[in-house]
Undergrad: 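First, the structure itself, so that you have it in front of you.
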Amino acid sequence: MKKPDFTFNEWQAFSDKLYKAFPKWLAFILSGYLWGLEQRYITFKTRKAVDDAIAPVAPSEPVIDAPQYYSKKSEVEGLDEIGFTYRFAKNKTKNKD
């Protein structure tokens with residue numbers, strides 16, 4: 001059983017301590033769980049950093065009006081032409097660069 005490769009050195013050091021303290025099979029399972037936890041931690045920190053970076057620029061409310069429904073009669077009964085139209089509105093706030 002090969003030890004998992006961790007991204008952070010601290011997590012790798014903790015995994016090495018697990019291999020010294022527990023039997024190999026149990027340390028392997030715990031290290032695998034720890035590796036999955038590290039991946040989720042990296043994903044969380046990345047998403048939070050991106051969200052914090054775009055928060056001052058991102059609009060607080062949707063900038064699109066609700067769609068409008070339309071229907072046209074067709075030559076064939078029951079096969080009406082149905083659709084939606086959208087009017088896109090631009091964000092009224094300007095970037096503060």
Undergrad: Linking I/L/V/M/F/W/Y whenever any side-chain heavy atoms sit under 4.5 Å apart, do Y41 and L34 land together?
TA: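 Shared cluster, yes.
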
Undergrad: Counting only heavy atoms not in F8, do more than 12 sit closer than 6.0 Å to its CZ atom?
TA: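 Enclosed.
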
Undergrad: Y69: which residues meet the ring pair (Phe, Tyr, Trp, His ring centres under 6.0 Å) condition with it, sequence neighbours left out?
TA: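 Y69: ring pair (Phe, Tyr, Trp, His ring centres under 6.0 Å) contacts with F84.
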
Undergrad: Before giving the answer on side chain to side chain contact (heavy atoms under 4.5 Å, CB included), spell out for E10 and F14 the whole-Å C-alpha distance, their side-chain angles and the decisive distance to 0.1 Å.
TA: CA-CA 6 Å; E10 296 85 13; F14 187 70; over 6 Å; no

Undergrad: Rounded to the nearest 0.5 Å, how far does CG of D80 lie from OG of S71?
TA: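 Separation between the atoms: 4.5 Å.
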
Undergrad: Should the heavy atoms of other residues, nucleotides or ligands under 6.0 Å from CH2 of W35 be counted, would the total exceed 12?
TA: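 Atom CH2 in W35 is not packed in, count stays at 12 or less.
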
Undergrad: Check L37 against W11 and note the closest heavy-atom contact, atom names and distance.
TA: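 Between these two residues, the closest heavy atoms are C-CZ3, 4.1 Å.
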
Undergrad: Any pair with a residue in residues 29-42 that passes salt bridge (charged side-chain N to carboxylate O under 4.0 Å, His left out), sequence neighbours left out, goes on the list, sorted by first then second residue, please.
TA: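 Every candidate salt bridge (charged side-chain N to carboxylate O under 4.0 Å, His left out) pair involving residues 29-42 fails, so no pair, neighbours aside, qualifies.
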
Undergrad: If the condition is side chain to side chain contact (heavy atoms under 4.5 Å, CB included), which residues does Q12 pass it with, not counting sequence neighbours?
TA: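 Per chain and number, Q12 pairs via side chain to side chain contact (heavy atoms under 4.5 Å, CB included) with F6, D16.
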
Undergrad: Name all residues meeting the side chain to side chain contact (heavy atoms under 4.5 Å, CB included) criterion together with K48; count only those two or more places apart in sequence or in a different chain, and write none if there are none.
TA: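 Listed in chain order: F44, D52.
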
Undergrad: Between T43 and Q39 (side chain of the first, backbone of the second, donor and acceptor by atom type, cut-off under 3.5 Å), is there such a pair?
TA: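 Yes.
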
Undergrad: Look up atom CD in E81 and atom CD in E75, then write down how far apart they are to the nearest 0.5 Å.
TA: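 The distance works out to 11.5 Å.
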
Undergrad: Can you give me the closest heavy-atom contact between G32 and P4, atom names plus distance?
TA: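 Answer, listing the atom of G32 first, then P4: N-CG, 4.4 Å.
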
Undergrad: For P23, enumerate each residue passing the side chain to side chain contact (heavy atoms under 4.5 Å, CB included) test, keeping only those at least two apart in sequence or located in another chain.
TA: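 Counting only residues at least two positions away or on another chain, P23 forms a side chain to side chain contact (heavy atoms under 4.5 Å, CB included) with W25, L26.
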
Undergrad: Sequence neighbours excluded, which residues qualify as side chain to side chain contact (heavy atoms under 4.5 Å, CB included) partners of V50?
TA: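 Residues passing side chain to side chain contact (heavy atoms under 4.5 Å, CB included) with V50: none at all.
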
Undergrad: Should Y19 and S15 count as side-chain neighbours, where that means a heavy-atom distance under 4.5 Å?
TA: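 The answer is yes; the side chains approach within 4.5 Å.
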
Undergrad: Do you know which two heavy atoms are closest between L18 and A27, and how far apart they sit?
TA: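 The answer is O-CB, 3.5 Å.
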
